[in-house]
Amino acid sequence: MSHDAQPDASLYIAGRFAEGEGEALPVHYPYDGAVIATLRAATPKQVAQAMAAAQAAQPAWAALRPVERGRVLIRAAQIIRDRAEELARLETLDTGKPIQETRVADWPSGAEALEYFGGLAPTVTGQAIPLGGDFVYTIREALGVCAGIGAWNYPSQIACWKAAPALAMGNAMVFKPSEETPLGALKLAEILTEAGLPPGIFNVVQGGGAVGAALATDPRVAKVSLTGSVATGQKVYAAAAEGMRHVTMELGGKSPLIVFDDASLEDAVGAAVLANFYSSGQVCSNGTRVFVQEGILPAFLERLAKRLAAVRIGDPLDEATQHGPIISPAQLCKVRAAIERGQSEGARLVCGGPGEGTFVPPTVFAGVTDDMWIAREEIFGPVMSVLGFATEAEAVARANATPYGLAAGVFTRDLARGHRVAAALQAGTTWINAYNLTPVEAPFGGVKLSGIGRENSAAAIEHYSQLKSVYVGMGGVDAPY
Ligand code: NDP
């Protein structure tokens, strides 16, 4: 089957495809490096065109009844579902993630966001504040033009998670996907147009960091929402501060997963697998520091190695494949260097290793200590560190001893302990007896260096709108002079 994934053109501005006039951006199928499309970056002039289109279209979109805006998003969700197989295949080509994952995780999650925020839009109301005669009412209004900047690991989901609440609240968006995975956002633009979105409300520009930086500093932009690394987040947040722009920062992590000796071993092992190896480990919320209580540590490692030995690695388009390649040669180098570093620091390789070709197999290190590089830094690949612990207090203290705070998990059958530990963990999202489930109904985002703001849930509405107070004077004006 052909792997050609060339879109009609590289950019989407004012409801139409437009060819980029900047540098060429070849798009590779991560499995074999084959070029599946060649896009062109947006020039500064084209970024300005996208901004102008968004700015011109936004007021009329914001002036629609929320139920009308919501209807467009819900229709788009339906189109995504109707085209599920084609979209899953495209996502697999763009990201190298197994088709059995992209069928259930990526676009389906994007469709849910569109559906959820489409339904939520008409429910957003203000407050009336009585003042004994006079009164104040509040209006939750759109911000204006929002910039979205995406990472490469969940390109379509990220585009939907940002566009859905932004558009639901009456904003327009200019979105820049990662240059590694530029295809999904263009599909979303096409689908939104088909669903009835007015031209200019969702625009896509392509390019690298310079194009992202142009969005973050454009005076027409009221808000910047980034999914990416902490280093990029710090730059974008600082750039946004210049113009006092709103931000949502979904950044990286080094999240802990704590397994107590009373936990269901099989469930805890399964969660550790999902917390580390889904999407070849390229997931921001991954629980890459697995703290296991000493009594069950040998059994945990044995069960883990046995289950991982059965993982099917191969062409992501093959329905049987469970573990795909790493996104790019550059990321492969980083992940392999991290594995070497773990070995040289004295951690014990339980299974996996550097791998061959474009693959790194599920890799587990035991005997990891808190000071090792692999226990401190985000690897963004399929590398799990297992650390032993004795007491609850110790596990919590060590889990929190990180500058990150995106996610955390705890496995125990002790109900009180589960809630106590979840409360004590410094993370934006915490799971008890589960891991990496991110339903659209629940807020998602980080604390500490892992970010600011929340995606999904009603909380996201607040991050894509601002509150206006309207004071209504009901009597005369009593001026003192
Ligand atoms: P990067 O931070 O490298 O890039 C993220 C996006 O920002 C890309 O589109 C990138 O462009 C763009 N960018 C780069 N420099 C700038 C700049 N100066 N100004 C504006 N935009 C810029 O992250 P990756 O794409 O490598 O993704 C991996 C990282 O993302 C991991 O650290 C991971 O933890 C994090 N992540 C966080 C998630 C979360 O929700 N918390 C979810 C997914 C990933 P380009 O790459 O095209 O040059």
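Numbering of ligands and ligand atoms starts at 1, following listing order.
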Discussion item. Does any part of the side chain of L167, heavy atoms only, come nearer than 4.5 Å to the side chain of W61, both counted from C-beta?
Written reply: yes
Response to the item:
Tightest non-hydrogen contact, residues V230 and L449, listed as CG2-O, 3.5 Å
Discussion item. If I compare all heavy atoms of V368 with all of A347, which pair ends up nearest, and what's the gap?
Written reply: CG2-CB, 4.1 Å
Item to complete: Using only heavy-atom distances, determine whether the side chains of S109 and Q157 contain a donor-acceptor pair under 3.5 Å.
Response: yes
Discussion item. Could you tell me if S279 and E101 have a donor-acceptor pair between their side chains, going purely by distance under 3.5 Å?
Written reply: yes
Worksheet item: Centres of the F380 and W152 rings: under 6.0 Å?
Response: yes
Discussion item. Can you list every protein residue that has a heavy atom under 4.0 Å from any atom of ligand 1, sorted by chain and residue number?
Written reply: I149, G150, A151, W152, N153, K176, P177, S178, E179, G207, G208, G209, G212, A213, L226, T227, G228, S229, T232, K235, V236, E250, L251, G252, C284, E378, F380, L406, F444
